[in-house]
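Written below as structure tokens is the structure these notes are about.
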Amino acid sequence: MPLKETGFSMQKTPYVPGAIEEKWQRVWKEQGVCRAQLDPSTPKYYVLEMFPYPSGNIHMGHVRNYCIGDVIARTKRMQGYNVLHPMGWDAFGLPAENAAIKHHVHPAAWTYSNISTMRSQLMRLGYSYDWDREIATCRPEYYRFEQEFFLKLYEKGLIYRKKAPQNWCPSCMTVLANEQVIEGKCWRCDSTVEQKELTQWFVKITAYADELLSDLPLLANGAWPDRVLAMQKNWIGKSIGCQVTFPLEKPVEGADSITVFTTRPDTLFGVTFMTLAPEHPLVPLLIKDSPNFEAINAFITKIRNMDRLDRQSETLEKEGIPIDVFVLHPITKKRIPIWLGNFVLASYGTGAVMGVPYGDQRDFEFAKKYDLPIIPIICPETGIPDPQTCAMSDPGTMINSGQFTGMPSEEGKEAVTRELERLGLGKKSVQYRLRDWNISRQRYWGAPIPMVYCESCGLVPEDPAHLPIVLPLDIQVRPDGKSPLPEEESFYATRCPRCGKPARRETDTMDTFMESSWYFARYTAAREEKAAFNPEALEYWLPVDQYIGGVEHAILHLLYARFFTKALRDLGIYPKTLREPFSHLLTQGMVLKEGSKMSKSKGNIVNPQEMIDRFGADTVRLFCLFAAPPERDFDWSDSGIEGASRFLARVWRLYTETQEHCLPLRALQATAADAKTKEATALRRKEHTTVQKVSEDMGDRFQFNTAIAAIMELVNDMYGVKDNLAAVGDTVFSSAMATVLTVLFPIAPHIAEELWEKTGHTSSLTKERWPEIDPQALVAEEKTIVLQVNGKVRQTITVPASSTEEELKTLALNNPTIVRHIQGKTVRKVIVVPDKLVNVVAG
RNA sequence: GCGAGAGUGGCGGAAUUGGUAGACGCACUGGACUUAGGAUCCAGCGGCUUACGCCUUGGGGGUUCAAAUCCCCCCUCUCGUACCA
């Protein structure tokens with residue numbers, strides 16, 4: 001090599017991450033290597049990380065999330081896929097308004113400035129995003145299509161308006177969807193949520209409850225984490241049962257019966273009372289003539305005034321009051337007293353339950369407390385439990401159940417339902433826990449709802465030609481947090497799209513989860529102006545092949561997006577065959593510090609920017625992937641990141657110390673003929689086994705930590721031969737060097753590119769294909785065999801790869817160590833596991 | 001209570017189909033180089049034992065020639081969820 005001649009080029013250049021990273025980020029940008037093109041002739045791969053809220057700065061959680069996505073994107077590109085890997089901003093939402101109030105800036109200015117900061121932070125990490133497809137949901141170019149979808153969903157009856165008690169966050173000054181209330185508190189600010197009766201816009205997600213549930217198996221078998229599937233299933237909460245109508249003994253005006261929902265119609269003959277929620281709509285009618293009215297009313301008031309959390313706590317004692325009204329058992333016609341109970345929820349089922357103390361723990365407790373009769377109605381195989389001490393819910397044979405006595409209770413469910421249907425007093429019924437999605441928000445920084453209130457025409461949808469209904473930006477936010485829109489005449493004053501008379505615009509805005517329910521599809525044609533999507537692009541790119549994000553969206557965003565996908569498909573907007581938006585989901589673990597979540601109040605924040613400045617982007621990327629498998633939480637370790645930095649410096653030094661021997665070869669280019677010595681063959685084999693391991697770990701299993709460990713091993717082996725290169729030969733060594741750089745590229749792309757260039761390559765690693773191993777190169781001429789006696793390892797021996805089972809057996813039985821261990825014993829059996837071990841069973 | 005997951009050295013973690021437990025890294029110890037070292041290199045690093053060996057994957061049983069891995073019982077932790085009739 002001519003380099004050898006000049007002392008100057010022999011100088012060892014130090015590893016300066018900052019400069020290298022800036023250089024390659026510029027090159028990649030200029031060459032547009034991350035741009036995705038629609039190309040039906042190439043298999044596509046759509047990898048997506050949950051887009052961030054532009055809160056100000058990226059945090060370690062973001063970094064970890066996007067590192068995982070970027071390695072997958074870069075690896076898939078090298079494996080020949082046409083990869084879509086976009087990024088954008090979930091840009092509407094409350095923090096912008098809060099910041100506006102606090103810092104006297106406009107929410108839009110705050111948001112756009114954060115986006116610009118965070119965008120450059122992401123760019124500084126070298127993520128391979130197709131920035132041409134960047135979106136921000138707060139731009140009219142984006143939300144105009146959401147307004148379009150709103151109108152279409154409204155037209156189809158999937159959006160409606162109703163008055164109902166709503167979750168109200170007093171601190172955020174807005175309502176929340178059920179999914180946004182976590183243990184009775186606001187998901188964002190942790191304030192206790194209150195109930196408020198309001199008229200709101202709802203998305204009829206319940207219309208898809210069944211499909212949202214029945215399609216979950218499409219995501220099973222590891223495609224989505226089991227716990228996310230379980231959470232979705234529980235949230236939807238499907239119960240199959242029966243609605244049973246109990247006629248009132250004395251009908252009142254407007255009602256002659258009360259209907260309950262039960263999953264246990266087989267226990268119908270065990271009913272000894274009925275319990276209504278205090279909020280049940282018939283209660284006022286039923287109690288108005290009661291001699292006990294005062295006491296009953298006091299009870300209702302007491303329950304209603306209880307804090308929601310306290311009322312639903314499991315430790316709350318069951319409490320009730322009889323209302324001196326009776327219903328008749330639908331089959332036996334027996335008189336059954338009606339009670340009000342604090343444990344009955346008005347919002348589930350019919351707000352009324354039949355009381356079967358023998359078959360239900362709650363009813364049992366209630367009956368014991370108020371001394372109500374308990375009738376055994378099911379006999380399990382183990383015999384009838386004592387009805388006074390024990391409530392049971394096991395299946396068995398029905399007893400004391402009229403014509404059903406003797407029937408297995410599982411059959412009885414069906415049989416009793418049929419009988420009730422025959423009598424016109426019941427029907428099969430399915431209940432869901434899932435409620436419709438309240439999407440109205442009484443805040444400013446959100447997408448306007450495209451509806452108009454007209455005095456003559458009533459509620460009128462906007463004319464699609466008027467879209468977008470633009471959120472006015474020349475508005476001051478109010479210091480009290482209330483939306484300024486209802487007072488902003490320039491916004492609300494409009495004309496009725498139907499009759500043209502002056503009318504008032506809806507001033508609530510949409511829940512921001514509306515925007516995130518379809519953003520992934522917008523990326524497929526982000527610059528399309530006339531329509532939200534381009535059918536050809538949707539057809540090609542959807543669904544997202546790999547979605548990556550935090551588990552905190554297990555229900556919220558992931559449920560809404562699944563719903564939206566199904567709804568837009570049925571509107572003819574998405575491809576007919578599209579069933580699920582995200583075919584694979586990876587929920588990455590949190591980045592902790594000192595065992596707990598990073599937070600300002602704890603003061604345990606690790607600032608990514610500081611780490612990048614100190615160690616470089618490649619080191620930060622490497623460490624995030626090496627510290628733990630992606631699903632697991634990991635604790636940030638300052639010495640751990642130094643280890644990662646040390647490894648990259650070691651790779652750099654490996655090059656600088658061997659540079660005069662490094663030829664511009666490609667990964668795995670050395671052939672068997674190039675490996676002329678034992679050392680060379682061994683290194684070449686290590687090179688191939690490394691690629692095999694890294695391909696599996698990175699391409700299939702997403703176990704980046706072990707992939708990196710494998711690369712480290714190869715580098716360690718290269719260190720082992722670097723002072724003896726004559727024995728290995730430059731070709732074999734250079735091939736190994738090329739392999740290290742190629743497989744390291746998705747993880748630490750900048751240093752890999754720089755060294756790739758330094759080793760004399762003229763084209764970028766972005767053009768390189770993932771190396772394919774030669775199975776021949778994996779075959780060793782020798783192998784290590786473990787010798788065991790009675791399952792205990794006694795010796796390991798190295799034998800020629802060609803050794804037969806018989807030869808191994810002989811070797812084992814004659815091995816001195818083995819002979820010593822079987823001395824005085826009889827050899828009963830010898831087990832030979834090819835290529836692995838020989839176990840001598842002796843006793 | 002129900003649902004999901006996890007328990008392996010001082011620490012993060014590895015062991016993909018039952019086949020050498022502890023790969024790789026961190027921390028630590030000793031040595032080399034050095035004016036110096038928080039740089040780098042070499043060696044060591046689960047416990048007990050002078051050694052031969054013995055013990056060791058939360059605990060206890062079992063299956064097997066062989067178990068971190070499969071089966072049964074129990075314990076602990078994390079997350080989710082809960083009067084859902």
Closest to the 5' end of RNA chain B, once Asp633(A) and Val228(A) are matched to their nearest nucleotides, is Val228(A)
(request) For nucleotides U16(B) and G80(B), find the distance between their P atoms and express it as a whole number of Å. (result) 31 Å
Check: Would one find a side-chain N or O of Arg435(A) under 4.0 angstrom from OP1 or OP2 of C84(B)?
Finding: no
Of the candidates U20(B), C83(B), C24(B), the side chain of Arg362(A) sits closest to C83(B)
Check: protein-nucleotides 61-63 of chain B nitrogen or oxygen pairs below 3.5 Å:
none

- Item | Phosphate OP1/OP2 of G25(B): any Asn716(A) side-chain N/O under 4.0 Å | yes
Whole-Å distance, His821(A) NE2 to C54(B) C1', equals 11 Å
So does Lys233(A) reach the base of U81(B) with its side chain, donor to acceptor, closer than 3.5 Å?
no
Here the distance between atom P of G12(B) and atom CG of Leu622(A), to the nearest Å, is 19 Å
From CZ of Phe343(A) across to P of C84(B) the rounded distance in Å is 10 Å
Applying the 3.5 Å cut-off to both distances, the Watson-Crick or G-U partner of A51(B) turns out to be none
Any carboxylate oxygen within less than 4.0 angstrom of a Lys/Arg side-chain nitrogen, looking at Lys783(A) and Asp835(A)? yes
Closest non-hydrogen atoms of Tyr358(A) and Ile377(A), given as atom of the first, atom of the second and distance, are CD2-N, 3.5 Å
What's Phe647(A) touching, base or sugar-phosphate or nothing? Going by heavy atoms closer than 4.0 Å. nothing
Taken to the nearest whole Å, CZ/Arg632(A) to P/U8(B) is 10 Å
If the cut-off is 4.0 Å, is Arg433(A) near the phosphate of A82(B), judged by side-chain N/O to OP1 or OP2? yes
Closest to the side chain of Arg650(A), out of G3(B), C41(B), U16(B), is C41(B)
Asp723(A) CG to U40(B) C1', in whole Å, measures 13 Å
Does a nitrogen or oxygen in the side chain of Arg794(A) sit under 4.0 Å from OP1 or OP2 of U20(B)? no
Glycosidic torsion of G9(B) (syn if within 90° of 0, anti otherwise) classifies it as syn
Using a strict cut-off of less than 4.0 Å between a Lys/Arg side-chain nitrogen and an Asp/Glu carboxylate oxygen, indicate whether Lys369(A) and Glu317(A) qualify as a salt bridge. yes
Paired to A82(B) by Watson-Crick or G-U wobble criteria (both distances under 3.5 Å) is none
| query | Is any NZ, NE, NH1 or NH2 atom of the basic residue among Glu410(A) and Lys413(A) found under 4.0 Å from an Asp or Glu carboxylate oxygen of the other? | reply | yes
Picking from A85(B), U16(B), A21(B), the nucleotide nearest the side-chain atoms of Val793(A) would be A21(B)
Flag side-chain contact, heavy atom, 4.5 Å: Gln703(A) against Met698(A):
no
TODO: Using the six-membered ring of Tyr348(A), assess whether NZ or CZ of Arg433(A) lies under 6.0 Å from its centre and within 45 degrees of the ring axis.
DONE: no
If pairing means Watson-Crick or G-U wobble with both distances under 3.5 Å, then the partner of C77(B) is G5(B)
Review point. Under 4.0 Å between a side-chain N or O of Arg701(A) and OP1 or OP2 of A15(B)?
Key: yes
**Message:** When you measure from the side-chain N and O atoms of Ser239(A) to the phosphate of A85(B), is any distance below 4.0 Å, counting only OP1 and OP2?
**Reply:** yes
* Using 4.0 Å as the upper bound for N to carboxylate O, is an ion pair formed by Lys302(A) and Glu319(A)? -> yes
Re A43(B): Watson-Crick or G-U wobble partner, both distances kept under 3.5 Å, found to be U29(B)
query = Which part of the nucleic acid, if any, lies within contact of Gln431(A), taking any heavy atom under 4.0 Å across all strands shown: a base, the sugar-phosphate backbone alone, or nothing?
reply = nothing
Here the gap from Leu420(A) atom CG to Gln243(A) atom CD, rounded to the nearest 0.5 Å, amounts to 11.5 Å
Checking N1-N3 plus N6-O4 or O6-N4 for Watson-Crick, or N1-O2 and O6-N3 for wobble, each under 3.5 Å, the partner of A15(B) is none
Of the candidates A85(B), C24(B), A14(B), the side chain of Phe626(A) sits closest to C24(B)
Pairwise P distance for G5(B) and C52(B), with rounding to whole Å: 44 Å
> Can you check whether Arg653(A) has a side-chain N or O nearer than 4.0 Å to OP1 or OP2 of C41(B)?
Replying inline: yes
Whether Arg646(A) contacts A27(B) is assessed here as follows: a side-chain N or O lying under 4.0 Å from the phosphate OP1 or OP2. Is that the case?
yes
Any Gln788(A) side-chain N or O less than 4.0 Å from OP1/OP2 of U20(B):
no
Side-chain contact check for Ala230(A): nearest option of G3(B), A14(B), U20(B) is G3(B)
From NZ of Lys792(A) across to C1' of A66(B) the rounded distance in Å is 11 Å
Pair Phe615(A) and Phe623(A), ring centroids less than 6.0 Å apart: no
Does one side chain, of Thr739(A) or Glu687(A), offer a donor that lies under 3.5 Å from an acceptor on the other? yes
Here the distance between atom C1' of A66(B) and atom CG of Leu837(A), to the nearest Å, is 8 Å
Pairing partner of U64(B), by Watson-Crick or G-U wobble and under 3.5 Å for both distances, is none
Between Met354(A) and Asp226(A), the residue closer to the 5' end of RNA chain B by nearest nucleotide is Asp226(A)
Asn705(A) atom CG is separated from A15(B) atom C1', nearest whole Å, by 12 Å
